[in-house]
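See structure below.
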Number of protein chains: 2
Amino acid sequence: MNKDITIYDIAKELNISAATVSRALKDHSGINGNTRKRVVEKARQMGYRSNFFASNLRKRKTNTIGVIIPRLNSHFVSTAIAAMEKVASAAGYNIIISQSNESGSKEIINAQTMFDNRVDGLLVSLAYDTDTVNHFSKFAEKNIPVIFFDRVPESTEQVSIVIDNYRNGYDITKHLIEQGCKRIAHVTANLKRNVYNERFSGYKHALMDAGINFSDDLVFSCDLSEQASTEVAAKILSMKKLPDGLFAANDMSAACCIRVFKQNGLKIPKDIAIAGFNNDPVSRLIEPNITTVNYPAFQMGEMAATYMINHLAGLTNILITNKIILKSEVLIRESSLRKKS
Amino acid sequence: MNKDITIYDIAKELNISAATVSRALKDHSGINGNTRKRVVEKARQMGYRSNFFASNLRKRKTNTIGVIIPRLNSHFVSTAIAAMEKVASAAGYNIIISQSNESGSKEIINAQTMFDNRVDGLLVSLAYDTDTVNHFSKFAEKNIPVIFFDRVPESTEQVSIVIDNYRNGYDITKHLIEQGCKRIAHVTANLKRNVYNERFSGYKHALMDAGINFSDDLVFSCDLSEQASTEVAAKILSMKKLPDGLFAANDMSAACCIRVFKQNGLKIPKDIAIAGFNNDPVSRLIEPNITTVNYPAFQMGEMAATYMINHLAGLTNILITNKIILKSEVLIRESSLRKKS
DNA sequence: CTGAAAGCGCTAACAG
DNA sequence: CTGTTAGCGCTTTCAG
């Protein structure tokens with residue numbers, strides 16, 4: 001195992017000081033253009049690579065952004081992360097990712113790991129059952145910025161990037177009502193999380209505004225997984241009086257319900273009109289295509305990373321911002337469309 | 001911004017040396033149980049956190065494993081990574097992930113970044129258009145182990161973890177033949193990649209063994225994306241003589257074809273029997289359910305990470321291994337099932 | 001524009 | 001079982 005080349009090796013070869021090499025390599029202002037060129041060339045030729053650890057140790061800055069997400073394997077999350085990575089690497093930042101697996105306690109451990117790793121900033125989307133955000137306060141104490149996205153805390157003290165879940169929940173329910181639905185079921189998840197809570201509120205208010213009574217019997221809570229959604233669908237089918245519409249809090253769940261309903265001979269949207277959320281690819285693949293909300297996952301990731309980096313670079317102070325709301329819109333497809341508009 | 005607590009601060013408080021503190025915190029063998037207890041307690045109480053950078057700088061080891069994958073947003077990849085993360089974090093390793101976005105040149109950059117980050121080991125699944133694996137040879141030179149998984153190089157010098165793509169391709173084609181298919185189309189991707197290449201070989205040989213002529217006209221190459229697959233489906237529909245079977249190299253692609261075929265009035269599996277690959281959730285959601293190959297994504301990730309960590313710990317020498325093949329199996333579902341077996 | 005020198009916080013010999 | 005010592009490789013004053 002051959003030893004690594006250091007700036008001292010380069011300095012010796014060139015008969016200059018290590019400090020000069022360091023400055024030349026860093027494009028430090030006030031360095032002779034010629035010596036810079038010589039250093040860079042020699043470095044390349046000797047196969048030099050900078051030692052992040054020495055540098056970080058010295059600078060007390062890691063050029064690393066931490067990302068904590070519930071789980072990687074959803075279309076929304078992986079798209080958002082792809083965007084973050086793109087922005088970050090263009091700006092010379094590394095990203096480290098950890099999954100909470102929807103567990104609040106794992107999220108606490110992950111936050112600690114990020115803290116120990118001394119990330120310069122943290123991007124977070126909360127787990128299903130996270131109760132408080134105390135595990136992030138140590139970051140604030142050290143002036144490490146934390147930006148929440150998608151699943152954000154209720155508290156208004158945090159910086160968060162979201163879409164208008166309430167409005168979209170309202171609009172999509174209103175759309176179902178306009179298609180003639182009178183009994184609209186709702187499949188949701190843990191209402192601690194803004195995304196589900198607000199979609200649910202939108203649903204309720206849309207019903208109310210249309211003069212339709214809200215009934216708890218039509219609301220089903222589960223983790224939206226394939227299995228849980230399938231169980232919910234079965235439960236819906238066993239109701240004395242079936243609903244004639246269904247708004248599921250995500251597309252995966254809507255897709256599972258559609259499958260079960262169809263297997264039981266129901267016609268979609270004739271018997272039950274269905275809507276999902278997120279514009280997941282699955283919403284375009286199953287039959288009928290699912291009415292959903294176009295979720296700007298890429299833009300959200302892009303924006304979160306960009307704000308973070310600009311903040312770290314001192315260009316803007318994100319911490320005085322409270323909330324950023326991205327555009328999103330209902331996409332009407334066959335699963336809910338009964339009449340020509 | 002309050003200054004960080006170091007082992008010196010603890011040492012001073014306790015009137016012992018920094019070395020002892022370091023040893024106590026690391027559960028170093030041969031340290032007095034009592035002093036250890038005092039150190040650990042004091043560290044907790046002072047809010048000490050270890051400085052990875054100083055430690056890494058000193059140890060010349062980062063406790064970090066790099067993962068390079070084509071893209072995060074596929075069910076296979078995100079599941080495999082979830083497994084890797086689980087294994088790694090249990091063993092005290094961090095994981096850093098980067099996406100090549102299916103681009104060979106991005107993969108080269110990512111490899112360099114991993115190298116500069118001084119990962120202790122590297123886990124790689126190749127991009128579509130990667131031609132050589134020269135960009136990984138610098139790792140070998142520094143004795144940094146590289147393990148390939150899923151999309152692996154042809155060369156037998158690398159350590160790789162795969163499933164038997166050839167056998168599965170063969171079996172699934174044979175199954176289609178047994179269902180009465182005579183003209184079986186195949187949708188594949190870049191044949192540089194073992195996974196597509198071998199599935200394709202399996203397909204060809206199964207045809208041959210059944211006495212069916214192989215025809216280039218029935219093979220369609222694309223990137224398997226939603227859009228490209230949809231185009232391929234349209235192209236198939238425009239053939240003078242339609243195929244009566246289709247084996248697509250992944251489920252997403254199979255699902256897109258099914259959608260197009262159904263939209264054009266074809267019956268699945270009656271008119272065209274269809275099979276995919278991977279057992280992606282979508283294969284269970286669309287109608288009819290897609291016959292596919294159960295891909296042990298979680299196990300593959302688990303195994304890759306476990307072997308890597310055992311190797312790094314000196315428990316086993318993975319580098320003398322050439323190839324590890326995991327179990328996988330054809331799952332027969334409605335999209336191909338014409339007769340009772 | 002460049003050099004000397006100090007030190008970031010930790011660990012590993014080595015010596016007791 | 002514990003202390004002393006000497007760096008790991010880099011950046012950054014402070015002087016020139």
Calculate, to the nearest 0.5 Å, the distance between atoms CG and CG belonging to B:N56 and A:N51 respectively. 9.0 Å
Of the nucleotides D:dC10, C:dA12, C:dG9, which has the atom closest to the B:L57 side chain? C:dG9
Checking side chain to side chain contact (heavy atoms under 4.5 Å, CB included) against A:F148, which of A:I161, A:V133, A:I68 comes through? A:V133
Salt-bridge present (A:D129, A:K192; N to O < 4.0 Å): no
What integer distance in Å separates A:L14:CG from C:dG3:P? 10 Å
Before you tell me yes or no, could you show the steps for B:E102 and B:R151 under salt bridge (Lys or Arg N to Asp or Glu O under 4.0 Å), namely the whole-Å CA-CA distance, both residues' side-chain angles and the distance that decides it to 0.1 Å? CA-CA 11 Å; B:E102 300 289 9; B:R151 304 234 208 116; 2.9 Å; yes
All pairs passing side-chain hydrogen bond (donor to acceptor under 3.5 Å, both in side chains) where residues 68-91 of chain B contributes a residue, at least two apart: none
What nucleotide among D:dG3, D:dC10, C:dG3 has an atom nearest to a side-chain atom of A:T6? D:dC10
Quick one: bend of the helix from C:dC1-D:dG16 to C:dG16-D:dC1 from 5 pairs per end, to 10°? 30°
Of the candidate nucleotides D:dT4, D:dT12, C:dT11, which contains the atom at the shortest distance from the side chain of B:K59? C:dT11
If I compare all heavy atoms of A:A82 with all of A:F298, which pair ends up nearest, and what's the gap? C-CE1, 4.4 Å
Taking only N and O in the side chain of B:S17, is any of them less than 4.0 Å away from OP1 or OP2 of D:dT2? no
Ranking B:A54 and A:A18 by the position along DNA chain D of their nearest nucleotide, the one closer to 5' is B:A54
Would you classify B:Y8 as touching base, sugar-phosphate or nothing, given that sugar-phosphate means primed atoms plus P, OP1 and OP2, and contacts are heavy atoms under 4.0 Å? base
For nucleotides 14-16 of chain C, which of its nitrogen or oxygen atoms have a protein nitrogen or oxygen under 3.5 Å away, and what is each distance?
none

Which atom pairs, one a donor and one an acceptor, fall under 3.5 Å between side chains of residues 308-317 of chain A and the rest of the protein, sequence neighbours left out?
residue, atom, partner, partner atom, Å
A:H311, ND1, A:T316, O, 3.4
A:H311, ND1, A:I318, N, 3.1
A:N317, OD1, A:L319, N, 3.0

For residues 103-119 of chain B, which residue pairs pass the side-chain hydrogen bond (donor to acceptor under 3.5 Å, both in side chains) check, not counting sequence neighbours? A:D4-B:R118, A:N94-B:N117, B:S98-B:N110, B:S103-B:S105, B:E107-B:T130, B:E107-B:H135, B:Q112-B:D116, B:Q112-B:K138
Round to the nearest Å and state the distance from B:F53 atom CZ to C:dT11 atom P. 14 Å
Parallel, tilted or perpendicular: which describes the rings of B:F139 and B:F115, with under 30° parallel and over 60° perpendicular? perpendicular
Checking side-chain polar atoms at under 3.5 Å, does B:D9 have a donor or acceptor matched by the opposite partner on B:Y48? no
Go through residues 41-49 of chain B and report each residue with a non-hydrogen atom lying under 4.0 Å from DNA chain D, sorted by number. none
Could you state the CD1-P distance from A:I16 to C:dA4, rounded to the nearest angstrom? 11 Å
Rounded to the nearest angstrom, tell me the gap between atom NZ in A:K61 and atom P in D:dG9. 23 Å
Within this structure, what is the NZ-to-P distance between B:K12 and C:dC10, rounded to whole angstrom? 13 Å
Look at A:R44 together with A:E41 and state whether they make a salt bridge at an N to O cut-off of under 4.0 Å. yes
Tell me whether the centres of the aromatic rings in B:F53 and A:F52 are closer together than 6.0 Å. no
Let me know the distance between CD1 of B:I7 and P of C:dC8, rounded to the nearest Å. 12 Å
Using the side-chain heavy atoms of B:R58, tell me which of these nucleotides is nearest: C:dC8, C:dG3, D:dC8. D:dC8
Any B:S22 side-chain N or O less than 4.0 Å from OP1/OP2 of C:dC10: no
For A:N56 and D:dT11, give me the distance from atom CG to atom P, rounded to whole Å. 10 Å
Between C1' on D:dT11 and CG on A:L25, what's the gap in Å once rounded to a whole number? 12 Å
